[in-house]
Amino acid sequence: MSVRRFLSTAVFVSIAAAVAGCYGPLQLTPSDHATVLAEQSLDADHPALPGPYRVSRLYYGSGTDQRRPEYRDSVSIVTETVDASKLVSLGGSASERNGYWGFTPKEFPINGRAWYPEGEGPFPLVLIVHGNHDMRDFSDPGYGYLGELLASRGYVFASVDMNFINGGIRNENDGRGWFLLKHIDAFKEFAADESTPFHGKIDFDRIALIGHSRGGEAVGHAAAFNRLSRYPDDASLEFDFNHGIRAIIAIAPVDGQYLPTGRFVPVENINYMVFHGSHDGDVTSFHGLRLYNRLSFTDGGDYFKTAIYMYRANHGQWNTVWGNKDNGPRSARRLDLRGLIDGEAQREFGKIYISAFLETTLRDRPDYMPMFRDHRTIGGWLPETMYITQFESSGFRALASFEEDIDLTTGTAPGVKLEGDSLGTWRENLLDLRSRNRPTTSSSQDNNALWLGWNNRVAGDGDAVGKPASYAISLPDGLAGDRGLSAASRLNLQLGAVEGRPSPRRPEGDDDSESGGGQDEEGARGGEAGRDGDEAGRNGDDEPVDLSVVVTDAGGESAGVRLSDYGPIRQPLETVVRRRNDAESFDNQWELVLQSFSIPLADFVDANPSFDPARLDEIRLLFDRTPAGTVVVDDIGFSGS
């Protein structure tokens, strides 16, 4: 590497009576905790405001680029090329592409544009990589808004040039991931060279990778390759990275373009954030949920993962070059652009969440963590639209994840029993995506969940209502104590409302009177859901769906809270992407994304001070607040504070 001149350029009452068979809804007073949670802003500085550092900028690259003058005439640091020929194949377009760029995959350049703070450091390192786009419409300048913000807040930030991988080729996302790691290698050289402005100023134990679209898949590959010794598709290519990557962020990613040994790339022990827009006209389904679901925490470290679904956001507006035309210059002929959120507002959301996530994972700041559990804590900061969020920490321990077998009565943790009472629907099934990202990969979320439907009305008896249906998770003796449950612990679950409801239950004395009756056509299949785009989930009567969460200890002391105090209970949000409705090619005009709920056990203690979390015996979802409806539930368990 040579160096050139540097350019400065307390809901809460006892509910034992309700559980014993009270037929009315459980009377809950509003939780002081939950009300504050929903209304106040986070007690932290606004993460999208500029920080205290003056920002400088530079280009690094080959110095010979025939298509990009900034990487030919304006580079401050000249880099060596790398051989990517084992990871990127140009196929039949090789001759044309090599002629256009002036190099082959054997001599791919390490090009990037960097923003960095003026100060002593050391500073965390953040790299971002674009996805696939017209290779002549250069994508790497489109994240300058993030570069300016993050550098002002004390990060070295680089937007990586991979335009020469773009265009009509496939199966190159492993190459994108490998390329990111090679850029980290380059920054290590920069930091070791006294003549560069990065000398001694980068903390290589605090690195994050961000990727958009195909780049969003690539950051997962980079995290996996970082810990491998050899390339999975050709063991003759050795890896020696082991960089200090703490976090990865995927923006509207694809998933499954690269399938080493025919499998999705496994990722573990890293912080992960993914977000996706409902009106994405390119990657039309939330494929990042698959990596969210398969990411595992196995080494006892402190990690978390979070997913955010933003209503009315599209694919391209995360990048200022791409804009709102997800299908190219003639997008307006095919895509309905009228419903999109403003591009500046969409990028403001990105700045808020990316900056806060980096502060949390690279700087160990806990004060932003509540916004990942419940987006309403920053409602005053966010653009006005609807959001669905998921969150899980490495401290989460499942009672029931609905993945391990086909027995509907057993949980994930040994000895946990599952029981339904007066339910009309009780089944487990795969969660679907509304579309595939390519023909060879599944359209599921690679995740099983639980469908529960109820109807508390009694058939043929006017307005008579029977006892509330419920679903109980019973813990074996000693499990609560073994897991150290206390008032500081949290009960976590994911839940969403879907359209459809069982028919009214039979009167007492009829055969099968304890069942909820037959299932209506709509919502009858496990993977089906509703199309209501309102703020809350709706049942067949157009009522908002709500329920109570009731806990009971081994001594019989019970307490309950209203679930909606801890997050919105939504049906899937209606989405029309195409200009003509009959041109929609998706199975559904909505995506089933479940909302995470995190309930402090302290709230149950506030409700009934005699309740002892260390002796918790049962958790019950009590369907007492809405006469009839259907919900999908997943990942019930506990975590620490």
Exercise: do Ser236 and Lys86 side chains pair donor with acceptor under 3.5 Å: yes
Aromatic ring pairing Trp318/Phe349, orientation class (parallel under 30°, perpendicular over 60°, tilted between): tilted
Distance, nearest 0.5 Å, that separates CE of Met371 from CG of Leu382: 7.0 Å
Ring geometry between Tyr53 and Phe123 (parallel below 30°, tilted from 30 to 60°, perpendicular above 60°): perpendicular
Residue pairs, two or more places apart or on separate chains, that pass side-chain hydrogen bond (donor to acceptor under 3.5 Å, both in side chains) and touch residues 218-229: Glu217-His221
Between Tyr155 and Arg363, a side-chain donor and acceptor under 3.5 Å: yes
Separation between OG of Ser331 and CG of Asn314, rounded to the nearest 0.5 Å: 9.0 Å
Aromatic plane relationship, Tyr272 with Tyr292 - under 30° parallel, 30 to 60° tilted, over 60° perpendicular: tilted
Pair Phe225-Phe239, ring-ring contact (aromatic ring centres under 6.0 Å, His included): steps then yes or no: CA-CA 7 Å; Phe225 289 177; Phe239 292 162; 5.1 Å; yes
Beyond-backbone contact of Val156 with Phe187, side-chain heavy atoms, under 4.5 angstrom: yes
Phe241 six-ring face occupied by Lys182 cation (under 6.0 Å, within 45°): no
Nearest-0.5 Å distance that lies between atom OG in Ser596 and atom CD in Gln494: 4.0 Å
Residues Ser355 and Arg153: side-chain donor-acceptor under 3.5 angstrom: yes
Counterpart residues, ring-ring contact (aromatic ring centres under 6.0 Å, His included), relative to His46 (two or more places apart): Trp381
Parallel, tilted or perpendicular: rings of Tyr143 and His212 (30°, 60°): perpendicular
Between Tyr59 and Asp73: side-chain donor-acceptor atoms closer than 3.5 Å: no
Of all pairs that satisfy side-chain hydrogen bond (donor to acceptor under 3.5 Å, both in side chains), the ones with a partner from residues 91-100, not counting sequence neighbours: none
Ring geometry between Tyr258 and Tyr231 (parallel below 30°, tilted from 30 to 60°, perpendicular above 60°): parallel
Separation of Thr360 OG1 from Phe304 CZ (nearest 0.5 Å): 5.0 Å
Check: Arg176/Asn173 side-chain N/O donor and acceptor closer than 3.5 Å: yes
